[in-house]
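Following: one structure in structure tokens, then a few remarks.
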Amino acid sequence: MPIIEVSGITKSFGEVRALRGVDLNIEEGTVYGLLGPNGAGKTTAVRVLATLLVPDTGTATVAGYDVVADAPALRSVIGLAGQSAAVDEILTGMENIEMVGRLYGLRPRDARQRGGAILERFDLTFAADRPVKTYSGGMRRRLDLAASLVGAPKVLFLDEPTTGLDPRSRIGLWEFIEDLVDEGTTLLLTTQYLEEADALADQIGVIDHGKVIAEGTSDELKSMVGGDVLDFQVADRHETEAAAAAVAGIGREEPRIDKANGHVALSVESPVGVITQAVRRLDAAGIKLRDLAIRRPTLDDVFLTLTGQTIGDEAEPEDVPAATGPGRGHS
Amino acid sequence: MTTEAAPVELDKRNPRGHFVSDSLVLTKRNLLKYVRVPTLLVFSTVQPIMFVLLFVYVFGGAISIPGVSYTNFLMAGIFVQTSIFGSTQTGVSLAEDMGKGLIDRFRSLPMSRAAVLVGRTVSDAGRNLFVVTLMTIVGYIIGFRFQAGFINAIAALLLSVSFGFAFSWISAAIGLAIRDVESTQAASFVWVFPLTFASSAFVPVEGFPSWLKTFAEWNPITVAVDATRALILGGELNPDLWQSVAWVLVLLAIFVPLCVRLYKKV
Ligand SMILES: Nc1ncnc2c1ncn2[C@@H]1O[C@H](COP(=O)(O)OP(=O)(O)O)[C@@H](O)[C@H]1O
Ligand SMILES: [Mg+2]
């Protein structure tokens, strides 16, 4: 039986339909990655499951508890690390962890003991007695993650745990997250980063405009793109469009241009002969290549295939209200 | 790197049963801020001290109240004003915690829902008590004296702090509704400032124009100041005393449930 079961959850904020019928089934002990662009509804979904928000319609159970009816009991078995590091700047790292431990119901001595062990595990022992305002961004995130674990939760929610971190801290945090899962914690993690979902998640749900539009393992999702991807970059960025036009017709779909990095990608049924064909066409058009390769599809390709947009594209204007709820850290 | 995560006995918590200990945990957290950043306390006292000096030395000469020195008259107003201005911090701090995501974390924990609010208002009352005590010392330096004995002096301080406590819950409701630090700050002064000045805090209301006088007489701050003043100056038992206690209870009866409702939905 899945440990998280979500069926038909909707949630609107005034005009904005943040969730438009979300269904999820997450097995115990797995990592589920909810992948979607800004404004897709990831935070709203997590807030519903962590009992912070009551859905308009639909039902959800976590660890057998209904998120609305059994909310008080459910809170004993979940941990949440929200989108911003929810730590007190004035307190030390240890005091933060102890406070959360006490609020989970640990006795003072247990909170202190467990706090020490958790800080150790997140490589924060050296800073345990320093006020959090002296911590770096990566340390804060680790402390936040540590705090969400003091209660030894069965189910852990991490909302964009690595957003705002530099690549090194990001990879570092991934290692901590992988360790958690080894211990059997079920993890629901949201992310805008395809590599992150790819690296951490057993199952991935792609969410867009408040709906899960595709679900599966990373490989399953990639096979939705079908075949392989021809991916190239031209020497002169101005010729990108012309190059895309030149190779159109080789693959099954129109070539896609990633404006951010000038790559042209094209799904192909089979790699046989594709490279020769592409090179010949580009040559005929007088376009010089910088590099060209056949590669396995990435989640980026999946998202593009599913939505026609790269994940970094701006959300549509109707979904970007002038002012989101102030102080909530929606970003 | 896997540490043997000792299985923790997390009792299936009944959050109501942990109301007191959860409130204490958060009160401690809030007060630690003043221990760690003492300048915060210094700034809470600078403003009331300036008010005392301003009124005693600048306006005091022009104000004469029969039968009592102006300083002795003024201090009741200062105590209440200090507590009430201090109480506006309650909403601001809650808005700040919301912005940092701390309130989200608290709301996801198996803790008492009222504890965050009680921890906040109680620690703010504690800070107010500290500041009011300090104001007493400042008052004594410039000639202020409690005229009705020790018990009444304590009662006067506690009454003004209790009033601030009730106002903290109003401020909490504003902070929970607005959720933004700067806006909450601005919204607090809009009502606290006129309410405090259109009262008997600094001058007798008899001198006000009649419309303002009517307002001032109904103003709960006038009631609180008059009661505190009666405790400071002595004399017969004053009906303001009971009325001000009634005000505190009524405000709490309205705003505590309102705040808990707002908190559940933020
Ligand atoms: N409290 C709120 N009030 C109004 N609109 C909100 C609120 N929370 C989220 N939204 C809106 O709901 C949509 C989904 O937001 P969110 O769940 O935060 O997306 P994500 O976390 O995927 O970026 C967005 O359009 C956002 O502006
Ligand atoms: Mg979000």
Side-chain angles (χ1 to χ4, degrees), chain A residues 47 50-54 72-92 95-96 98-108 110-111 113-114 117-118 120-121 123 131 144 147-153 157 159 175-176 179 182-183 325-329, chain B residues 1-18 21-26 28-37 40 94-113 115-116 119 175-176 178-184 264-266:
Chain A
R47 287 171 59 83
T51 77
L52 302 183
L53 210 56
V54 175
L74 172 56
R75 293 187 190 113
S76 293
V77 298
I78 57 170
L80 167 70
Q83 207 168 330
S84 55
V87 285
D88 188 311
E89 304 261 305
I90 308 265
L91 300 186
T92 66
E95 284 166 342
N96 266 287
E98 267 186 273
M99 172 177 75
V100 176
R102 295 280 288 125
L103 296 174
Y104 264 112
L106 297 177
R107 277 169 304 184
D110 295 345
Q113 214 169 1
R114 203 174 152 77
I118 288 184
E120 166 103 54
R121 173 170 167 187
D123 286 349
D144 190 43
S148 69
L149 286 167
V150 202
F157 301 105
D159 193 9
E175 287 168 15
F176 290 112
D179 278 355
D182 289 343
E183 288 163 27
R328 282 289 194 68
Chain B
M1 197 177 53
T2 334
T3 349
E4 59 289 6
V8 186
E9 284 79 55
L10 277 175
D11 43 320
K12 278 275 164 52
R13 294 195 88 198
N14 167 10
R16 279 177 219 285
H18 294 263
S21 70
D22 289 349
S23 300
L24 285 175
V25 167
L26 288 168
K28 180 181 155 200
R29 171 229 163 188
N30 297 336
L31 289 177
L32 267 177
K33 183 169 169 179
Y34 295 107
V35 179
R36 299 287 154 77
V37 194
L40 283 173
L94 283 172
E96 210 171 86
D97 284 351
M98 270 186 266
K100 287 188 189 142
L102 270 165
I103 298 286
D104 270 1
R105 162 149 288 150
F106 292 145
R107 289 177 66 238
S108 77
L109 294 177
M111 60 178 289
S112 155
R113 309 240 101 181
V116 170
L176 291 169
I178 295 183
R179 300 170 182 185
D180 172 68
V181 174
E182 272 84 35
S183 315
T184 304
K264 283 183 182 168
K265 281 198 268 187
V266 287

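All values derive from a computational prediction rather than experimental measurement. Reminder, nothing fancy here: chain letters follow the sequence lines and each chain counts from 1.
When all heavy atoms of B/Pro110 and A/Ser76 are compared, the pair lying nearest together is CB-OG, 3.5 Å. Contact between B/Gly101 and A/Ala86 at its shortest, heavy atoms only, is O-CB, 3.3 Å.
Using a 4.5 Å cut-off between heavy atoms, A/Ala81 touches chain B through backbone and side chain atoms alike. Of the two parts of B/Ile103, neither the backbone nor the side chain holds a non-hydrogen atom closer than 4.5 Å to a non-hydrogen atom of chain A. For A/Gln113, no part lies near chain B; criterion is any non-hydrogen pair under 4.5 Å. Using a 4.5 Å cut-off between heavy atoms, A/Asn96 does not touch chain B at all.
Residue pairs satisfying the salt bridge (charged side-chain N to carboxylate O under 4.0 Å, His left out) criterion with at least one member in residues 76-89 of chain A, sequence neighbours excluded, are listed as follows: A/Asp88-B/Arg29, A/Glu89-A/Arg140.
A heavy-atom distance below 4.5 Å is not found between the side chains of A/Met99 and B/Arg105. Contact of the B/Arg36 side chain with the A/Thr92 side chain is registered, since non-hydrogen atoms from C-beta on lie closer than 4.5 Å.
Atom CG of B/Leu109 is separated from atom CZ of A/Arg102 by 13.0 Å, given to the nearest 0.5 angstrom. Between atom NZ of residue B/Lys265 and atom CG of residue A/Leu53 there is a gap of 11.5 Å, rounded to the nearest 0.5 Å.
With sequence neighbours left out, B/Ser23 forms a side chain to side chain donor-acceptor pair (under 3.5 Å) with no residue at all.
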Margin query: As a quick check of understanding, evaluate side-chain contact (heavy atoms from CB on, under 4.5 Å) for B/Leu32 and A/Ile90, giving each step before the final call.
Written below: CA-CA 8 Å; B/Leu32 267 177; A/Ile90 308 265; 5.8 Å; no
Margin query: Does B/Asp104 form a side-chain contact (heavy atoms from CB on, under 4.5 Å) with A/Gln83? I'd like the steps, not just the answer.
Written below: CA-CA 10 Å; B/Asp104 270 1; A/Gln83 207 168 330; over 6 Å; no
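Of the listed residues (A/Leu74, A/Val87, A/Val54), the one with the most heavy-atom contacts under 4.5 Å to chain B is A/Val87.
Under a 3.5 Å cut-off, the side chain of A/Arg75 and the backbone N or O of B/Met111 do not form any donor-acceptor pair.
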